[in-house]
Colleague: 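Attaching a single structure in structure tokens format; questions to follow.
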Amino acid sequence: MSARRLDSAKALGADTVGGRTAGQLLRLCEVAGLDTKDSEVYARTLTDMLGAVAERPLDLPPAWPTFLSDDHTPVEFSLAFVPDAAPTLRVLLEPGCGAGGLARNGRTGLRAVRKAARRWGFSTDRLDELEDLFFPPSPKGPLALWCALELQPGGVPRVKVYLNPAASGQKRAARTVAKALRRLGHRQAFEALPPGDRHLFFALDLGDWEEPRVKVYLAHHDLSAAEAGALSRMEGGPSPAQTEAFFRIAAGDDADAAGGDDRRPVRRPVQSCHSFTETSTGLPSGFTLYVPVRDYVRHDGEALHRATALLGHHGLDPAPLVRAVAAVTSRRPEEGGGLIAYLALAHQQGHPPRVTTYISSESYAVRPPVGLLPAEAATAG
Ligand code: TRP
């Protein structure tokens, strides 16, 4: 492994965006049980998709204030856990982060996805059909296009594309989502969604998926455990009690007292995602709840406890997560808050529930811990 590792990551230097994130990816690939050849392919894919930003020295400020991650690294990792298998490694990235401006960001993103499609021989038809909705001439924020790769054994990733419902303004976001769903043949899908505060992402599976999904993400501010339990609209989905249990483990027992305690004064919203795979029933076949765990803890030591408890609750082995943390950072979890960005529980018809842990690159910055007791602060220093 180490000789190969020299190839892609070290060629760029560990103090560049591409070198740092590719190095993290290579080590995470080992945790996910991918072989050297696949790992090397995926590391190179990551740096290719980042374009010129891959070579950008980390001592320069981020090329673009992306909100993909808190410190504006245009890359985030995640591990998806299912019973009796190695976790699946995924990487989320912003191909247009170096393009200069949101319109160019989007066009660069589209080019990167189409290039990937040619390389791996998949169709971008469904994305092409939506281009006018999500790529207007003067797009609004907060993003243009993100791309996620699920790193399967074999060197061919499964691809997901994340689009911005608010591209034509926040006021039009709901209408944009409704139109996009209808265009893809999901005529009743919009009505099936639960109430929410904001449409955050519209996502498409592209490439080699058994059942490619169309996904709609909603933000829910100041959500209580009981409200979380009532969100799923999935047929045969989780019971309110199951979702509440997840919410309490991820957000902590006092999570209902939303905001303003000794943890984080401002909390990002919880997010729901409903996914649609067929057009006949009009009902979603998948439901995922995302808790921004980093806003519900003082530091990553607590976030890791939550993640471990959650995995344990589902009979899943937390060892790969502990190894993953060591693969991305040498700092102690207690020394910062935000390495574990989200915890999620995903339900998909015909599959066991999946626990997902989102792992920040922290290439630019570590968010300091909050509310440490003096004694803890002393040992954390
Ligand atoms: N960083 C953004 C956020 O915290 C977007 C994001 C990155 C995100 N990874 C995510 C949102 C995983 C939900 C789940 O909202």
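Indexing begins at 1, ligand by ligand and atom by atom, following the structure's order.
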Colleague: Just jot down the ring pair (Phe, Tyr, Trp, His ring centres under 6.0 Å) partners of Phe202, sequence neighbours excluded, or say none.
Modeller: Phe134
Colleague: Numbering the atoms of ligand 1 from 1, which are under 4.0 Å from a heavy atom of Gln271?
Modeller: 11 (C), 13 (C), 15 (O)
Colleague: I want to confirm something. Looking only at heavy atoms, which of Trp146, Tyr290, Phe77 is nearest to atom 5 (C) of ligand 1?
Modeller: Trp146
Colleague: Which atoms from ligand 1 have a heavy atom of Arg294 less than 4.0 Å away?
Modeller: 3 (C), 4 (O)
Colleague: Tell me whether Tyr358 has any N or O atom under 3.5 angstrom from an N or O of ligand 1.
Modeller: no
Colleague: Quick check: Asp70 and ligand 1, any N/O pair under 3.5 Å apart?
Modeller: no
Colleague: Quick one: nearest non-hydrogen protein atom to atom 12 (C) of ligand 1, plus distance?
Modeller: Tyr342 CD1, 3.5 Å
Colleague: Near Glu76, which atoms of ligand 1 are under 4.0 Å from a heavy atom of that residue?
Modeller: 7 (C), 9 (N), 10 (C)
Colleague: Between Asp300 and Arg294, is the salt bridge (charged side-chain N to carboxylate O under 4.0 Å, His left out) condition met? List the steps.
Modeller: CA-CA 7 Å; Asp300 284 303; Arg294 64 197 185 286; over 6 Å; no
Colleague: Tell me, with the steps shown, if Phe201 and Leu143 meet side chain to side chain contact (heavy atoms under 4.5 Å, CB included).
Modeller: CA-CA 9 Å; Phe201 308 106; Leu143 78 152; 3.9 Å; yes
Colleague: Spell out, as yes or no, whether a donor-acceptor pair under 3.5 Å connects the side chain of Glu278 to the backbone of Thr281.
Modeller: yes
Colleague: Under the rule for side chain to side chain contact (heavy atoms under 4.5 Å, CB included), what residues qualify as partners of Gln188, not counting sequence neighbours?
Modeller: none
Colleague: So is Phe67 polar-close to ligand 1, meaning N/O to N/O under 3.5 Å?
Modeller: yes
Colleague: With only distance considered, is Phe201 within less than 3.5 Å of ligand 1 through an N or O on each side?
Modeller: no
Colleague: For atom 7 (C) of ligand 1, find the nearest protein heavy atom and state the residue, atom name and distance (0.1 Å precision).
Modeller: Leu68 O, 3.3 Å
Colleague: Is there side-chain contact between Thr21 and Leu50, with heavy atoms separated by less than 4.5 Å?
Modeller: yes
Colleague: Could you check Arg367, Arg267, Arg306 and say which one makes a salt bridge (Lys or Arg N to Asp or Glu O under 4.0 Å) with Asp295?
Modeller: Arg367
